Amino acid sequence: MCRPSDAAEKESLHLLQQKKKCDNTPPHSSTKTLENGTLLSCISLFLLITGASLTFPHMQSRRDALGCDSLCYGTMTSVRGALGLAGTAFMGRLSDDNTSVLANTLGGVGIGYSSVSSGRRACLYIGTLASLMGFAVAASVDSLLGLWLSMIPGALLQHNFDIFKALISEYHNDVESILENDDAFCDQNETITHGTQSSRSGSVGKLGMSAGISFMIGPMVAALLSPSFQSASYMAIACTFASGMVIYRIPLPLSTVSSNDLKQSTKASESNNNSKELKSEFTLLSMIQLQSPAARAAMILLVIRLNMALAFHIFNTIWPSSLKSRFEFGPSDHARFMSFIGVTYAFSQGFLAKRAIKLCGPNGKVYVIMCCCAILGIGRYVAYYTTSIAVVYTSFLFIINALGILNTVITADTGSIAPSSELGGLFGILQSAESAAGMIGPFMGGVVSHYFGDFHDVISAPLMTVVGIYTFLFFFTLWGYDRLVLSCVRDLSSTASEADTKKST
């Protein structure tokens, strides 16, 4: 008989040690990591976006002072979208790689595991440094060139929101994997799946709530405490630096720590080879070719994300002028309206989404998405044609809540169909699609408005385009969401459970 290799013996010893550790309190330790990681991620994101939003009230006056007209601003918006299109996909893929030079150097800087490399932590630091660089340039270079240069680092490299989504999804993957492999829970698989899915939605909702609150608080603080763009930039630098300090304390997922511990073993090498083969599942080319169930599920989510973003940007081409013509909306009215939207979206993501998903159960997600699409289409139609400002606010109360629930469901399911090693890349592709829609949507809205306008001054062509998009999403979800996305989630969950059972045996 052949004697096992030294690497195999070390691997067996390590697995036995891990088994002994896991027999004690695996659910508790992974859940504790999830709770701490989610809390610190929300705090870091809140500080980061608050820092950026502190400069919002001064941006228009600064563009005017520097001579940046509508053509300049439109060009800058398009360039920002193009940079974001490339940056989100690149940073997402980079965050998945725990063996890169950045992961081994910058990703190893953190509390708790100083020797553990992490691609996600490295990318979070890069995003923070990019924001700091942008604010520093904006505060020190008071010219049109400085305005352009300050925009580039953040647009290209600061995509911490999507990386936080991938990080939280990785926390939940660890929890689900341990619970499915725990004998105490083996007879409650369906209950566990339902509970973890609603918990996943709750964590994603908290992240979205942090973003919504920060967008509301930042301009308010700036209006009270910062009399100039210069002082707002210094406050933004302080908030961004604090966000980076929070990243230093964010715990790494247990799977990341384990992969670092085992990266010299034979099994780790095989796992890395398998992950490289699976990476083709979530490239844009593989998703378009529909090569696997996971790729088909990702394509469904991509289509939904893309169409939602298109509908938003097309509607935005006619909405501000509509408010001004009907209600003579001024800057203060817009500020109140945006504050209302921020509070509503934070409530939707932080409280309503998780409860709605838990109430409907995993099999009711399709009807939740369809209901949200119907509310988004009907609500925008009512808000556009009503002559009552109270009806506008009421319509947007339903619209923003539906949007928050829909985003939470899609983000949670995105984290369920991809392995931890590919979460960043998948979130990056979906965000790139939204960035592309941000470039195409306003152009489409302008073309439709120019060539079709209003039919007999009664029906707005851009508005009907938006309603048509949500109608398409309504039937598209009915057709494919359950059989392609939710079935993939169920299959992956059962496959992982069977694999863990065999491994334990």
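Predicted, not measured: the structure shown is a model, and the values here were computed from it. Scope of the values below: all heavy atoms of this structure, side chains included, with no hydrogens, waters or symmetry mates.
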Leu47 and Val246, any side-chain heavy atoms less than 4.5 Å apart: yes
Rounded to the nearest 0.5 Å, what separates atom SG in Cys123 from atom CG in Leu157? 9.0 Å
Crowded around Met59 CE? As in, over 12 foreign heavy atoms under 6.0 Å? yes
For Thr88 and Ser432, does a side-chain donor sit closer than 3.5 Å to a side-chain acceptor? yes
CG-CD1 distance between Asn160 and Ile126, expressed to the nearest 0.5 angstrom: 9.5 Å
Ring-ring centroid check Tyr393 Phe337, cutoff 6.0 Å: yes
What are the two closest non-hydrogen atoms of Gly415 and Asn173, and how far apart are they? O-OD1, 3.6 Å
Mind checking whether Met370 and Val366 have side chains closer than 4.5 Å, heavy atoms only? yes
Give the C-alpha distance, both sets of side-chain angles, the deciding distance and a yes or no for side-chain contact (heavy atoms from CB on, under 4.5 Å) between Tyr481 and Asp413. CA-CA 11 Å; Tyr481 201 86; Asp413 287 340; 2.6 Å; yes
Within the 4.5 Å heavy-atom criterion, are Ile429 and Arg93 side-chain neighbours or not? yes
Mind telling me whether Phe56 and Phe215 have parallel, tilted or perpendicular rings, with 30° and 60° as the class edges? parallel
Do the side chain of Arg380 and the main chain of Phe312 share a donor and acceptor less than 3.5 angstrom apart? no
side-chain contact (heavy atoms from CB on, under 4.5 Å) for Val382 and Val391? Distances and angles first, verdict last. CA-CA 8 Å; Val382 171; Val391 175; 3.8 Å; yes
Judged by atom type as modelled, is there a donor-acceptor pair below 3.5 Å linking the side chain of Asn98 to the main-chain atoms of Gly119? yes
Check whether any side-chain heavy atom of Ile250 sits under 4.5 Å from a side-chain heavy atom of Phe164, and report yes or no. yes
Any donor-acceptor pair under 3.5 Å linking the side chain of Tyr125 with the backbone of Val109? yes
Treating Glu434 as the side-chain partner and Ala309 as the backbone partner, does any N or O pair qualify as donor plus acceptor under 3.5 Å? no
Are side-chain N/O atoms of His172 and Ser203 paired as donor and acceptor at under 3.5 Å? yes
Rounded distance [0.5 Å steps], CG in Leu426 versus CG in Leu301: 7.5 Å
Does Phe398, at its CZ atom, have more than 12 non-hydrogen atoms belonging to other residues, nucleotides or ligands within less than 6.0 Å? no
Minimum-distance pair of heavy atoms, taken over all atoms of Cys372 and Ala402: SG-O, 3.4 Å
Below 4.5 Å, heavy atoms only, C-beta onward: do Ile314 and Val448 meet side chain to side chain? no
Test item: Ser322 side-chain N/O and Ile318 main-chain N/O as donor-acceptor pair under 3.5 Å: no
Between Trp319 and Phe396, is the ring centroid distance below 6.0 Å? yes
Could you tell me if Thr240 and Ser131 have a donor-acceptor pair between their side chains, going purely by distance under 3.5 Å? no
Is Asn104 reaching over with its side chain to a backbone N or O of Thr99, donor-acceptor style, under 3.5 angstrom? yes
Ignoring hydrogens, what is the shortest heavy-atom contact between Gly127 and Gln158? Give both atom names and the distance. O-CG, 3.1 Å
Answer yes or no: is there a side-chain heavy-atom contact under 4.5 Å between Lys365 and Ile410? no
Under the 3.5 angstrom rule, does the side chain of Asn307 hit a backbone N or O of Val303 as a donor-acceptor pair? yes
What distance do His159 atom NE2 and Ser435 atom OG have between them, rounded to the nearest 0.5 Å? 7.0 Å
Side chain proximity check, Cys68 to Leu147, heavy atoms < 4.5 angstrom: yes
Quick one: are Lys354 and Thr408 in side-chain contact, heavy atoms under 4.5 Å? no
Ion pair Asp69/Arg63, N-O distance below 4.0 Å: no
Please report the shortest heavy-atom distance between Asn407 and Thr411, naming the atom on each side. O-OG1, 2.8 Å
Taking atom CZ of Phe476 as the centre, report whether more than 12 heavy atoms of other residues, nucleotides or ligands fall under 6.0 Å from it. yes
Separation of Glu422 CD from Ile417 CD1 (nearest 0.5 Å): 10.0 Å
Between the OG atom in Ser41 and the CG atom in Leu34, the distance rounded to the nearest 0.5 Å is 9.5 Å
Donor-acceptor pair, side chain of Asp96 and main chain of Gly424, under 3.5 angstrom: yes
Should Ser243 and Thr128 be marked as a side chain to side chain donor-acceptor pair (under 3.5 Å) after you check the CA-CA gap, both sets of side-chain angles, and the distance that decides it? CA-CA 7 Å; Ser243 174; Thr128 304; 4.6 Å; no
Backbone N or O of Ala138 within a donor-acceptor pair of the Arg62 side chain at under 3.5 Å? yes
Can Val467 and Ile378 be said to form a side-chain contact (heavy atoms from CB on, under 4.5 Å), step by step? CA-CA 7 Å; Val467 174; Ile378 296 171; over 6 Å; no
Please confirm whether the ring centroid of Tyr385 lies under 6.0 Å from the ring centroid of Tyr381. yes
Between Met216 and Ile341, is a side-chain contact (heavy atoms from CB on, under 4.5 Å) present by the stated rule, with each step listed? CA-CA 9 Å; Met216 179 187 64; Ile341 288 176; over 6 Å; no
Minimum heavy-atom separation for Arg249 and Leu40, please, with both atom names. O-CD1, 3.3 Å
Okay, side chain of Ser348, backbone of Asn401: is any donor-acceptor separation there less than 3.5 Å? yes
Minimal heavy-atom distance between Thr386 and Phe327, with the atoms involved, is O-CZ, 3.8 Å
